[in-house]
2 protein chains.
Amino acid sequence: MSRKPTIHDVARKAGVSIATVSYVINGSRAVGAERRGRIEQAIAELGYFRNGLAQSLKSETSRVIGVSLPYAASAYFHGLMEALEDIAESEGFEILQILSRQDPERELRRIETLLAHRVAGLIMVPSYDPHRTFDLLHRSRAPVVMVDRLWPDDRFDYVTMNNREAMTGVVDALIGLGHRALLFTARFPNLITTQQRIEAFKAAGGDARVEFLLTGDDEETFGARLIERLRRPLPPTALIASNSIITLWALKALQAAGVSCPDDLSIVSFDEPVWADVLTPPLSIIRHPTRVIAEAAWGLLTERIEEARAGELGRRKTRHLEFSATLELRGSVTRLA
Amino acid sequence: MSRKPTIHDVARKAGVSIATVSYVINGSRAVGAERRGRIEQAIAELGYFRNGLAQSLKSETSRVIGVSLPYAASAYFHGLMEALEDIAESEGFEILQILSRQDPERELRRIETLLAHRVAGLIMVPSYDPHRTFDLLHRSRAPVVMVDRLWPDDRFDYVTMNNREAMTGVVDALIGLGHRALLFTARFPNLITTQQRIEAFKAAGGDARVEFLLTGDDEETFGARLIERLRRPLPPTALIASNSIITLWALKALQAAGVSCPDDLSIVSFDEPVWADVLTPPLSIIRHPTRVIAEAAWGLLTERIEEARAGELGRRKTRHLEFSATLELRGSVTRLA
DNA sequence: AGCGCAAATCTAAACGTTTAACCTGTCAAC
DNA sequence: GTTGACAGGTTAAACGTTTAGATTTGCGCT
């Protein structure tokens, strides 16, 4: 079996020069009908397929955007992914995705691959410890926009939901319903997202009792911690979970321990699981403005790409965009006495 | 701002030839300590980053596998994605993913991109109308393994759950519990997966009443159809849904119409949503052997890649692997009178 | 001093494209 | 019957690597 046919093979078969073949393929210059026919036929017969590597190598551009996510299981993340896919589609770009699986090393290697393939730009939701990746990205000077999980790092543009505002909204709502003991739980304490939420949580709490609980790394650990806390004196009456996976862990633990939601504990979850309203009771959620975030990120990215193309790299200051989440209170939250 | 530094720039700065730089980068040949030091320093100072395009162009290989999925929202699909990611990681491969969003055109273009980047191989869950993509893949002679949704197409290896067996199992179980009127519902009637399920559904039904209902393309359509059917004479007592999204649609429609599960209608769902056991009642599911499928697909693919490297392309017959699903009956299914 | 040999280094030719620059007819306009 | 203009064609030089193969160097032996 011979190797893959190249533009040279096509040219030979059609009896023309490789330049002419290239012009036919890209339509970048007029080619006579007769030769064009021969070339097209040769392409079909040989089963010629363009070598994108050589193509982008030579032309120095590609219309491929890389997207990096920690995982795909959360509703917010795959919503984001699908929104970006759709925007890319309508703008004539391609998307190549990677999954870091919350592993900084893996994230680093995957991003390296994307950069090695000279994607036009990158949109990423960083893992919980992205420092080396950030350094790499910064050195590479590739256009990048961070989403959602930002870091104390001013080198990149980012787009996120307004975490403080969202948290303040929930706390106010819960207090308004008579709750006086609130529990917030999250998995990664050093995510800026988490820190902002904790900060707003404490600030908005006022004279209510506010407590933070670290989930730990798996369902069992968290379940045990949560139930233990509920059994101790002065238990919280409302739980705010940092995403839908944590919420799931919590729900299972409550079920197993015979604690009722919302009678014994009200629950609100960040994230927007599709299953929120088929639960009994329906789950209260803080919904990300997913579409808006995706569009904003795309906008920033295309500006950066334009900038890079013009050689104006890094001239513009980095920009930080925040958008409001919406609180949807439902059956999982109850009014107290 | 100058363009990205290349191996040439590094060579000039270190006062050596480009070959030496290449040897240092790849460790493919011994290089003296002194020069190696100079080169490494030059690399660091210039912020040199390898151009993977040129690299794979020249070396004709890459350790990147493409994965194509219709969407990411189903538990099965993202489980598959994550399983493949992990296997790739442990075998020293990279994964690049694309989402076809159930759009054959988009699928075709994305696969083209992947092929253009000369990925080593491809694992894909085809969209509902993949014919042109299949032709492209076949012409390209790239190593490919199909997963889950197969087609009457013998050109590719594929791995799937055993749909007939799974369906037979559910139907038997339901009949065993006294159900005599079953409804199966799916979205794409021409998917082979659907056809096999329908076939087994009818065969296993015996003297019970078995009916198939097409969902239509959105939640409202399906909700209306489902409720309408339940209101007509001789309503089904059990529903088998083709995946978790359809199940969600069904649950919402039932809720809105005040139909109770499982009292008025038992439900079993293909797919394995994480939220299955936090529902009231807990959802009965048919769980894909996700991990096993991922591993089998990976195995077939690496064999094909090896074959391609050896120039033995297409010599081996295509192989079809099927694995058993597991039925998990829970509260959403009730015993009848 | 001369030889052989291994290690270190370099030269140069690929890999498959794109594209600037150049060449050749044809044909309309004067 | 010159002169352009222009369409259609070609040549050849990149793009940034890898890697045979040639060359140089250093060193231990006679």
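Every chain is numbered from 1 and lettered A, B, ... according to where its sequence line falls, protein lines coming before strand lines. On a predicted model such as this, the values are computed, not experimentally measured, just so you know.
Per the geometry, CD belonging to E60(A) stands 10 Å off C1' belonging to dA14(D), to the nearest Å. As a whole-Å value, the separation of H8(A) NE2 from dT17(C) P is 8 Å. In this structure, the CD1 atom of I39(B) is 12 Å from the C1' atom of dC10(C), given to the nearest Å. In this structure, the CZ atom of F49(B) is 17 Å from the C1' atom of dC15(D), given to the nearest Å. Between the CG atom of N51(A) and the C1' atom of dC15(C) there is a distance of 8 Å, rounded to whole Å. The NZ atom of K4(A) sits 11 Å away from the P atom of dT17(C) (whole-angstrom rounding). dT18(D) atom P lies 12 Å from atom CG of L57(A), rounded to whole Å. In this structure, H117(A) places its NE2 atom 17 Å from P of dG16(D), rounding to the nearest Å.
At a threshold of 4.0 Å, the pair R109(A)-E112(A) does not count as salt-bridged, since none of the basic side-chain nitrogens sits closer than that to a carboxylate oxygen.
Checking the phosphate oxygens (OP1, OP2) of dC10(C), a side-chain nitrogen or oxygen of R35(B) falls inside 4.0 Å.
Between the CG atom of L99(A) and the CD atom of E82(B) there is a distance of 6.0 Å, given to the nearest 0.5 Å.
Contacts of S100(A) classified as side-chain hydrogen bond (donor to acceptor under 3.5 Å, both in side chains), with partners at least two apart in sequence or in another chain: none.
In this model, no donor atom of one side chain and acceptor atom of the other lie less than 3.5 Å apart for H78(B) and H78(A).
Both A33(B) and T6(A) lie near DNA chain C, and the one whose nearest nucleotide falls closer to the 5' end is A33(B).
Pairs passing the salt bridge (charged side-chain N to carboxylate O under 4.0 Å, His left out) check and including a residue from residues 117-138 of chain B, sequence neighbours excluded, read E105(B)-R132(B), D135(B)-R155(B).
Below 30°, between 30° and 60°, or above 60°: for W298(A) and F93(A) the angle between ring planes is above 60°, a perpendicular geometry.
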How does protein contact run along nucleotides 18-27 of chain C, one letter per nucleotide 5' to 3', with B for base contact, S for sugar-phosphate only, - for none, heavy atoms under 4.0 Å?
-> BBBB------
